[in-house]
Structure formats: structure tokens, C-alpha cells
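Following: one structure in C-alpha cells, then a few remarks.
In what follows, every chain begins at residue 1, and chains take the letters A, B, ... in the order their sequences are listed.
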2 protein chains.
Amino acid sequence: MSKDLPAANKSRRRSDQITLSQVAQAAGVSPITASRALNHPDKVSDSTRQSVLESVERLGYVPNLVAGSLASSRSRLIAVIVPSLINSVFVEVIKGLQETLEAQGYQILLGNTDYDLDREYQLVRTFLGWSCSALVTAGLRHNDACHTLLANCGHPIMEVMELGNGIDLNVGLDHVAAGRCMASHLVDRGYQRMVYVGARLSHDYRAGMRYEGHKAVLKAKGLEAPLLELDTLGSLQAGAESLAQVLQDYPATQAIHFANDDLAAGALLAAQRQGLTVPGDIAIAGFNGLPLGQHITPKLTTILSPREDMGRLAAQELIRRLSGKSVYRRQHDVSFTLQVGEST
Amino acid sequence: MSKDLPAANKSRRRSDQITLSQVAQAAGVSPITASRALNHPDKVSDSTRQSVLESVERLGYVPNLVAGSLASSRSRLIAVIVPSLINSVFVEVIKGLQETLEAQGYQILLGNTDYDLDREYQLVRTFLGWSCSALVTAGLRHNDACHTLLANCGHPIMEVMELGNGIDLNVGLDHVAAGRCMASHLVDRGYQRMVYVGARLSHDYRAGMRYEGHKAVLKAKGLEAPLLELDTLGSLQAGAESLAQVLQDYPATQAIHFANDDLAAGALLAAQRQGLTVPGDIAIAGFNGLPLGQHITPKLTTILSPREDMGRLAAQELIRRLSGKSVYRRQHDVSFTLQVGEST
DNA sequence: AGAAGTAATGGTAGCGCTATCATGACAGCG
DNA sequence: CGCTGTCATGATAGCGCTACCATTACTTCT
């Protein structure tokens, strides 16, 4: 009769979701005990836990993680910030991260910077607002504000992809060394005149680091190391077009060292269409070790980077850190493998 | 001297983050006015807004979105649940979603079911716990519990990829029609004996729907429609292997209709290696319209599906819905295009 | 002139959960 | 027998923010 008393009707609940208090009431315990039954099962008696779980099931209770996070300031969210989703490399890292993190009950908050460091800063701010348990960024380069924020936010930071002097944790590989590795291979094969082809090296600065390695090797041998930088994203199409460009700008070229397999495969397939033999007329090398390279003829010489493993390892180290265990190593070199095909 | 009074020290704050109250105090306004200055800028005077923003900047305030979401029960998080990240198709849809949603200030919570409907249910539960503004799922198939939860949770639901009788909003294409389209093309080309090759059709049931379309066309012409179902994920490698299998099991086959371009391209490249001419010895057709298909020789006949557009359109419709505008259409057919190459 | 609206601001009281401390019951100890 | 320790549970009081209602100072309208 006296329900909905105006004075008592101060509730602001907008959803009529079941709350933990209702579950607790149904189970005949206090809300805090119900909370413990769900989050610290070993801290309540077996019988209590049973009856709480039974009530959860019966009422269809869905925990409000927002409220839980606010109260505990722990969210089990992990922010993952990548510069691109078009480039399958980042997707494979995400895959490795996700597989491992989801298994441990973490969720991924995904951010895409489109290679814009200011955008990255904004994303970091937003994600910090969600009290993420940790942040993962692709790469070691940030703008100053972002770097400061990351360094001082108090959450674990994992920087993946490249190896170097990171803010906190770091899993990656040495891109300069990878560039050196491939250049050495090409020199060993006897090529003297070669061009490095990359796409937007200011964005894909890791490809730029590989060029540095490439250049160092060639200079040491007294060879020129011309660079062709494309203004498009790396793609099969861009690779095909760059082949023509290289043959025009550097007609005597014997080998092309591409910044990635998409470009390399595009060029290789284009060479085939034009009746050029690879590596007879022109040798072609890539980077990444995409499956495609091993299915085209001739098989592509490339450098295999363990992308999913990188994600998995990063996730494992983060989990170790989050569970309070001492970190095995702050830095992990996942290394790379030269995969000699038939295209060089 | 008298700081840290035991009686006053009830605070449970673990982080020493700046709060909105501190910003408000610094700006000489009440917390609620500061809140409005940030979230409803048009509801405060220009001078107030200026001084609040100035304090935000000076103190380095990062809004606690968890607290905001709890208070307002709006999170600006959008859950995106896909069955796989290996399959680039889903990544492209995510890309389209993200591009559009991030621009509107929404963040993506990413979930991967690995084609497991129970896992999907768990993810939906978790994401509902985050009071997501909306949920996007790839596909119309869910288990009963999941379907009930989605239908009753009160949030907008967007089901993408395929067209059909959805829970709420739906953007996709008709996969049965796509299968019919390609089969008709092959029949028109004069092929009589053809095999449909798919990978794990119980998982990739949309490929199964395309097979249904394929079969219907062939049956209508009085032709057999044998199916080869692989037990691996679709990949170049699987495509290459399936070619041998088809030639062994169905030696008289004239054409192979593959469930996707990865398989088709793998088979096409394998055929080349084996000295088979395409389409002379064997015709090959795919689905998706991946760039790779247009770079191999002969160019692959395939069906182009607008994956990024699908994501963008889905995001736009969701935003329209979330901003309270009436929805233009609950269902959108993004359609597909037959792309005739040289492989058929 | 008085009613009625609008714009800018603030006080209060939650959102649903969990950290913290307190309580009572019972075991083990010299 | 009192003392300390562990276990299971509960009462209280926030976490940081915003919805809701109230207040004040002005406009505008009939």
C-alpha cells in the first residue's frame, strides 16, 4: 500500500538488472559475503558458496563490473594500442595477446592510432580513465606527453614489436639487426647493386630501422644503398608499382630488399607477369615471413618474425607482473630467422 | 602535526589521481559544474568552462570513466565479438567499425570466441557487466542462453556478416545468394563437374550457406554437387592440399568452387607449381575478393564482399540508434559483386 | 505587474560494488 | 584459564562521478 512513497523513491536505477544484494538476500547472506563467494571463493564456507552460486544461477545475475572496478580500482581490462589494423602484423600480435589474456579473464580494450602519436596520447588518456590493469603499446616511440603519462601512471606498461630502452616491460626484436641480416645475405649471394624499398618510413619507422641496418652493411662493403620510399601503405599493389619505379630509377639493380612481404610478393608477382625471371633478372627479398611468400614461385626469401609468439610472451609477462610475481626479465628479445627462399 | 588523524583517515583511495572535485575546487566551482563543463559544455557559461578546462590542463586531470559510467550507466564502450582474428575478413569488419566508432568517442571492447558459442555467451555476460552501450556480434547464430541474454539486455544489438532475422539491427549479405551467384557463373561458363571445397563448415557456417546456394543451382541443372570439407582452417596451405585431394577423389572435375580466396589462391598457386593450367585443366573460383586474387596469374574469379563498408555501416547505424535518432532501417543488405577473373 | 519561462549553478544522494575493520565462535597453548 | 590465532561472517563507509531537484537571477509574455 505504502510502496512508492515519494520520500523513499530516491532510487536512480535505470536498469532493472539483478544486483548482488538481491542475490545475497536470496541466498540468505550479506552482500559482502556474496561478493566474497564470487571473487574469493576460498574465503567462504562451502555451503555458503553453493547457495550463493545457486542464487546467481537462478536469478540470472550478471555482475556489474563497472561498480566492482570502481570499488576495487582493478578492472581486468588491458588496453592494446596499435598503429594499424590493415597491417596483419599487428593483428597477429593482438591474436597472441588476446588468446593468453582472455584465458586469464582479462579483456582487451583495443585502440588504433593510425600512426598518429597525438591520437595515441588521447587513447592512453582514455584507457587510463578505465583504470586498465595494464597498457600494451606497439612500439617504443611516443610523444612527450604520452611518455610522461605512461611512465607515471603506475600501471604496468608493455611495449612490443621492437627491442630497446622501454618505459617498463619490453618484448620485441632488433629491427636494425634484421636489416643487417638480410643485407648480408644479399651481399653473400653476390649482389652489388640493390635498392631498399619501404612504404611511409616515418610511420613504419621499424622498416626505417631495418633500412639503417641494410645501409650499414652495404656501406661497410663500399656499396651504395639507395632508398625508394613509397607514399602509400605497403600492399601487393604498391609492391607491383614500386618494381617498375625501381627498374626505371635504377636500371642496373640486381636485387630489391623490400620492407615487408606484401611489397615483396607484389613485386614478385608483377615481375612474373612482365616475364622477368626472379632471381635471374632481379632478386627479391622481404620481411615478416607471411605464408604467401612460401606459396608463390619462386619462394620468397624473407625474415620470419614470431608475431603471435611476441603477443603471447608479452601477455605472459604482463600476467606474471600483475599477479605480483617478480618479473623474469623486463626485456625479451624474440629474435628472428632468415628464411632463404628461391627469390634471391 | 595532526595530519593522518586516525578518525579522519577513512579514505580508501589507492591511486593519488586528480579527481574532478579537485579540478572544481581549483576552478572555484562545484564538482557538478565541473562535470557539466566537461560533459555538457553548452550548459555552463563560457567563463566557467574556460576556467574548468584550464584547471583540467594545469592539474593533468584524467577523468575516471569507471566512476562516470557507474553514475550514469552509460559507458561509451562497444563490445565487438568475432569468432576469429586469423580470418582477415573479421579484422576488416572490425577496422570499419573502429574507424567510425572511435571518431565518435566510443571504444571497442574486443572479444574472440574461437567459433565457440559457449565462449560467446561468456563474453556477452562479461561485456554486459561493463554496461556496454551496444554489442556487435559476427553472425546471427547464438546458443539459447546467449540469444535470450542479448534479446533482453536492453542494449542495441548489431549482428553483422550475414543477412537474416536478427535480434535487433542487422547488416550483412546473403550468403546463399552469393553461392548461387558463383555457381551460376560456373554453369554459364559450361562447367558440368565441379566440387565445392570448404573448411570446417560447422564453424564457418556462412561458407556452408554458400554451399547451399551452390548446390541448389547445380541440382536445378541436374548436376551433382559434391562437397569436400577440410578439417583445417582455411589457408593457402589447406587450399594447396585440397587441390590434390579433389583431383584424387573426383578425377574428372572441371572446376572447383572454394569457400574463400585463401583456399582458392592456395590451390591456384599449387596448380601452377604442378604445371596444371588454370582454367584449362581446372577452373578455380573463390570468395571474398582479397587483393591477392588480383595479383596472381591468372586473376582469380571471386565474389567481392564489402567488409570494411559493412563495419562502417554497422557503426553508423549503431551511432544513429544510440543518439536517439530513429533508425533508418533495421536491416541492411550490403550486397556483393561477382568479380570475373581469368581463373574460370 | 504578476505569471511563467530560461539559464547558470549548487546540494544531496545515490550508482553497485568491495576494502576495512569489527565481531563472534572455536581451536591450540603453556 | 586466560591468551592469542584462525575462520566465517557482517556493518560501515566509501570508490569518483552524475541524476535529480532546488535555488537564484534574469527575461519574456499577456
Might you work through the side chain to side chain contact (heavy atoms under 4.5 Å, CB included) test for B/Arg330 and B/Asp168, ending with a clear yes or no? CA-CA 7 Å; B/Arg330 282 172 46 111; B/Asp168 184 8; 4.0 Å; yes
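- As rounded to whole Å, 13 Å separates atom C1' of C/dA7 from atom CG of B/Asp46.
- Comparing D/dA19, C/dT20, D/dC17 by their closest approach to the side chain of A/Arg36 singles out C/dT20.
- Between C/dT18 and A/Ser72, no contact under 4.0 Å exists linking OP1 or OP2 to a side-chain N or O.
- Protein atom CG of A/Asn64 is 15 Å distant from nucleotide atom C1' of D/dG16, rounded to whole Å.
- OP1 or OP2 of D/dT18 has at least one side-chain nitrogen or oxygen of B/Ser35 nearer than 4.0 Å.
- Per the geometry, CG belonging to B/Leu65 stands 13 Å off P belonging to D/dG16, to the nearest Å.
- Only one option out of A/Val160, A/Asp309, A/Leu313 pairs with A/Val334 in a side-chain contact (heavy atoms from CB on, under 4.5 Å); it is A/Leu313.
- At D/dG16, none of the side-chain N or O atoms of B/Ser21 fall inside 4.0 Å of OP1 or OP2 (strictly under the cut-off).
- Under a 3.5 Å cut-off, the side chain of A/Arg76 and the backbone N or O of A/Gly105 do form a donor-acceptor pair.
- Ranking C/dG16, C/dT18, C/dG14 by closeness to the B/Ala71 side chain, first place goes to C/dG14.
- Here A/Thr19 lies in heavy-atom contact (under 4.0 Å) with sugar-phosphate atoms only.
- Looking at heavy-atom distances under 4.0 Å, A/Val29 makes contact with sugar-phosphate atoms alone, never a base.
- At least one side-chain nitrogen or oxygen of A/Asn39 sits closer than 4.0 Å to the OP1 or OP2 atom of C/dT18.
- Residue-to-nucleotide proximity on DNA chain C shows that, of B/Ala67 and A/Ala34, the 5′-proximal contact is made by B/Ala67.
- Distances shorter than 4.0 Å separate none of the side-chain N or O atoms of A/Thr33 from OP1 or OP2 on D/dA8.
- Residue B/Tyr61 has no polar side-chain atom (N or O) positioned under 4.0 Å from OP1 or OP2 of D/dG16.
- The listed nucleotides are C/dG16, D/dC20, D/dA11; the one nearest the side chain of A/Ile32 is D/dA11.
- Counting to the nearest Å, the P atom of C/dG16 and the CH2 atom of B/Trp130 are 15 Å from each other.
- Here the side chain of B/Ser35 pairs no donor or acceptor atom with the backbone of B/Pro31 at under 3.5 angstrom.
- Residues B/Trp130 and A/Leu109 fail the side-chain proximity criterion, which asks for heavy atoms closer than 4.5 Å.
- Distances shorter than 4.0 Å separate some side-chain N or O of B/Arg74 from OP1 or OP2 on D/dA19.
- Rounded to whole Å, atom C1' of D/dG10 lies 15 Å from atom NZ of A/Lys43.
- Contact annotation: A/Thr48 side-chain N/O to D/dA8 OP1/OP2 distance is not under 4.0 Å.
- The residue among B/Ser30 and B/Leu70 whose nearest nucleotide of DNA chain C is located toward the 5' end is B/Ser30.
- Using a 4.0 Å heavy-atom cutoff across all strands shown, A/Ser45 reaches sugar-phosphate atoms only and no base atom.
- In this entry the distance linking CD of B/Gln22 with C1' of D/dC17 reads 13 Å, nearest Å.
- Taking the six-membered ring where the residue is Trp, B/His147 and B/His142 present tilted rings, their angle falling between 30° and 60°.
- Put simply, CG on B/Leu20 is 12 Å from P on D/dA19, counting in whole angstrom units.
- Between B/Arg13 and D/dG16, a side-chain N or O to OP1/OP2 separation shorter than 4.0 Å is present.
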